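Bear in mind that the values here come from a model prediction, so they are computed numbers and not experimental data.
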Amino acid sequence: MHEDDLSDSEVLELHVGTSSPCWRLDSDSNALELAAVRGLANTGVALDSDQAAGIRRFTGVTSTIELDISLFGRPLKLHLVGRKLDTRNWAGTASAYTDTRAVARDLTHGLAFAELVVSEVNSLVVVLDSNGIIQRFNRLCEEVLGKREEDVIGRSAYELFMTPEQAEHSSKNITGFFENDEPFDVERYINTVNGPRLYQFRNKFVQSGSGVEQRFLICSGVDITEERNAQQRLTELANTDTLTGLPNRHAITELIRAALATGKNDASHQIGVLFLDLDNFKRVNDHYGHVAGDGLLTKVAAIVSGCLGQGATLARLGGDEFVVLSERVTLESLETTARTIIEQLSAAVRLDELVELYTSCSVGIALYPQHGDTVETLIRNADTAMYAAKEAGKHTYRVFTQEMNQKVARAMWLDINLRKALEEGQFVLHYQPLVDAATGDVRSVEALIRWQSPDRGIVGPGEFIRHAEESGLIGPIGRWVMSEAAKQAMIWKEKGLNLRVGINVSALQLADVNFVAHFRGVPGCIGPEGSLLDIELTESCLIENQDRVLTLMRQLREMGSKIYLDDFGTGYSSLAQLARLPLDVIKLDRSFVTGIDGDASAQELVRSVASLAKALGFSVVAEGVETKSQDAFIRQVGIECAQGYIHAKPMPAHDLEAWMLKRKKLRLIA
């Protein structure tokens, strides 16, 4: 029989060895390989570029294409069924176009493979028509939802798996998506055999392959419950204070930012920020431990929360700092809230049956838009106002003013430049003599620190000592004073002046457990005849840890120092308490001395102090003596020493020496 008389199937049988050969195409050539056995190529057919491109558009899902080819000069129409194997190869089976049985068989195999993929894929797969009627329901759907495919095919997905509200919403959405023909993603909770679970569905439209032209929605869903729970937990951790459960710094910052965005579109929308800081919280931690401190913070959070109105949010910034955000408020309502919080925190806070603590707080208030229009500015200004409340005595509140910023600027300048002053040796000591009231001889001198600032000239201690205490610089500054005064005392001793030097010591310096060691280690501070330095303490040094301070006073006296009680009468000690203190000298505060000019009551008080001090064995120094009448009165009542401008102002060491020499010459002449 001539080849022209053979059918297309017979031609394939003749040249390839089978009527349903395997085919293969790679990415490097447009030659279609045909073989009776997969993997062995025995015939090649040249394709044009369009034909090759059509095959290379196959994906991993079984697809078909019709090709007109020439096999050994004989034109053939082939039906190819196949898919993409990998990035470089496509393969499948071929049949003559007229061989409907072979074509059907190949399609059946391909569809069976596709069906297996849909059935076994590890995702929920549901196919819906435009009315939400279920057309396909894979094996995982059966397992997860506890329903068989045969029981749900042809039924409404809205009725089976959604509440009426969800069904109405989804029906409108899907109708719109069908009209737009755009794929979309959606997250939805569905009731599974293991309870409600969150699934993410990726939805895509496909056309029907045969029969009536229809479009279907393929919904492929994966369980993202644990992923979302983990994300939610991370979000909570990022925005929640773990100790109190309140919003943290990040969370309250974002809430204030959102409130400001609303406020900028509404002129009547005032936003208030309260900055709270507990007073003396460090003492609780130091005395009772951090567990008690944490317990107190938790109780405080609950108490403050109970003071807030609806719409206010309390957050903990860290440590013992809290912030309250209030929207649509007035300054008056913020002040009322601040007073309520302060009042509620005045009562005892019971941690357990044994521990009951008293605390208080200082509150700063800032209001948008008057006091700032950014998150950072509002919080900073409320913080500044809180520090103003601390300076006002704590246990109170202050509303921010621009003058407070000037104080902050001064504090920042001090913080930077005080450190420079230490590093660059900008401090000097001036010395003011203590003069014998009867003879006029110089008994000793008091060392007074001065700061020679390159920017501001001579700065007195009243402008920087308090900041030095708050910033922790008082320790190194105090040690410098100690060393410099001891050095000067040794110089004067070598010159034959034998001047004792008194230095002022604060309560914070005494709190340093190494204070005595520092004192003992200063070169020239303690010689064979004892210390040349005397210590001046204020009554505030005796308030906290009095027993320890008394021990330090005794140790210093044993090393040869005299102990002065400075500014007597302005603190908390009574004359009766003085008997138990290891003191040598009482320095009567200048406020009493100033009053003796024409004030009988002040005169009687000074006279009583002098009399009782003499009975207790103390010497008395009158501070701030500036007039002849004051000087005469203290001599009259038996006060031994005077210190004040009538005798001499504080001066550098070389000026003091010149002053003493001049005074000596005048007395010789007299």
Side-chain angles (χ1 to χ4, degrees), residues 229-230 232-259 271-327 329 333-366 375 378-380 382-383 385-387 389-390 393-398 544:
N229 287 344
Q232 183 177 356
R233 179 60 179 155
L234 287 174
T235 300
E236 290 175 355
L237 289 174
N239 291 281
T240 304
D241 175 56
T242 54
L243 176 63
T244 61
L246 296 173
N248 62 10
R249 181 185 294 272
H250 175 265
I252 197 65
T253 297
E254 292 306 310
L255 288 173
I256 296 174
R257 199 182 311 281
I271 299 160
V273 173
L274 274 62
F275 198 109
L276 286 67
D277 186 273
L278 297 186
D279 299 326
N280 306 317
F281 177 71
K282 185 177 182 297
R283 295 181 188 173
V284 175
N285 271 341
D286 292 344
H287 187 73
Y288 294 98
H290 289 281
V291 173
D294 289 348
L296 177 60
L297 291 173
T298 303
K299 294 283 188 180
V300 166
I303 292 170
V304 175
S305 295
C307 299
L308 305 181
Q310 188 175 3
T313 302
L314 174 66
R316 179 179 175 229
L317 297 188
D320 59 339
E321 294 178 338
F322 296 83
V323 161
V324 175
L325 165 65
S326 296
E327 298 188 59
V329 292
S333 66
L334 290 174
E335 291 186 84
T336 299
T337 300
R339 285 192 292 267
T340 302
I341 292 170
I342 291 168
E343 180 182 348
Q344 290 299 312
L345 287 179
S346 299
V349 177
R350 182 173 292 280
L351 299 186
D352 54 40
E353 294 182 358
L354 299 176
V355 179
E356 189 176 67
L357 300 175
Y358 283 88
T359 187
S360 63
C361 76
S362 300
V363 181
I365 300 175
V375 177
L378 274 178
I379 293 179
R380 182 178 67 248
D383 186 18
M386 181 275 295
Y387 275 106
K390 294 272 190 189
K394 304 179 180 180
H395 191 58
T396 187
Y397 72 89
R398 287 293 182 269
E544 294 183 26

> side-chain contact (heavy atoms from CB on, under 4.5 Å) between Asp279 and Lys390: does it pass, once the steps are laid out?
Replying inline: CA-CA 8 Å; Asp279 299 326; Lys390 294 272 190 189; 2.8 Å; yes
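- Closest approach of Ala338 and Ile365 over heavy atoms only: CB-CD1, 4.0 Å.
- Atom CD1 of Ile341 and atom OH of Tyr397 lie 12.0 Å apart (nearest 0.5 Å).
- Residue pairs meeting the salt bridge (Lys or Arg N to Asp or Glu O under 4.0 Å) criterion with at least one member in residues 248-259, sequence neighbours excluded: Glu254-Arg257.
- Between atom NE2 of residue His395 and atom CG of residue Leu345 there is a gap of 9.0 Å, rounded to the nearest 0.5 Å.
- The nearest pair of heavy atoms linking Val324 to Ala312 is CG1-CB, 4.4 Å.
- When the shell of 6.0 Å around NZ of Lys299 is examined, it contains 12 or fewer heavy atoms from other residues, nucleotides or ligands.
- Contacts of Thr340 classified as side chain to side chain donor-acceptor pair (under 3.5 Å), with partners at least two apart in sequence or in another chain: none.
- The side-chain heavy atoms of Ile342 and Ser360, taken from C-beta on, include no pair separated by under 4.5 Å.
- The minimum heavy-atom distance linking Asn248 with Ala315 is given by the pair O-CB, 4.2 Å.
- Here the shortest heavy-atom pairing between Thr313 and Pro247 reads CG2-CG, 4.1 Å.
- Within the model, atoms OG1 of Thr359 and CD1 of Ile303 stand 9.0 Å from one another, a figure rounded to the nearest 0.5 Å.
- No more than 12 heavy atoms of other residues, nucleotides or ligands lie within 6.0 Å of OH in Tyr387, so this atom counts as exposed by the packing criterion.
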> Would Asp320 and Lys282 count as a salt bridge (charged side-chain N to carboxylate O under 4.0 Å, His left out) if you check the C-alpha gap in whole Å, the side-chain angles of each, and the deciding distance to 0.1 Å?
Replying inline: CA-CA 9 Å; Asp320 59 339; Lys282 185 177 182 297; over 6 Å; no
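- Looking at Asp277 and Ser362, their side chains never bring a donor and an acceptor atom within 3.5 Å of each other.
- Once rounded to the nearest 0.5 Å, the distance linking CG of Leu378 with CG of Leu325 reads 9.5 Å.
- Residues Cys307 and Thr337 share a closest heavy-atom pair of O-CG2, 4.3 Å.
- The minimum heavy-atom distance linking Ala366 with Leu334 is given by the pair O-CD1, 4.4 Å.
- Counting heavy atoms from C-beta on, the side chains of Leu276 and Met386 never come closer than 4.5 Å.
- For the pair Leu278/Leu297, a side-chain contact is recorded, criterion being any heavy-atom separation below 4.5 Å from C-beta on.
- Listed by chain and number, the residues in a salt bridge (Lys or Arg N to Asp or Glu O under 4.0 Å) with Asp383 amount to none (sequence neighbours excluded).
- If you take CG on Leu317 and CZ on Phe275, they are separated by 5.0 Å, rounding to the nearest 0.5 Å.
- Of the inter-residue distances, the one linking Leu246 atom CG with Thr240 atom OG1 reads 9.0 Å to the nearest 0.5 angstrom.
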>> If you apply the rule salt bridge (charged side-chain N to carboxylate O under 4.0 Å, His left out), what do you find for Asp241 with Arg316, and how did you get there?
In response: CA-CA 7 Å; Asp241 175 56; Arg316 179 179 175 229; 2.9 Å; yes
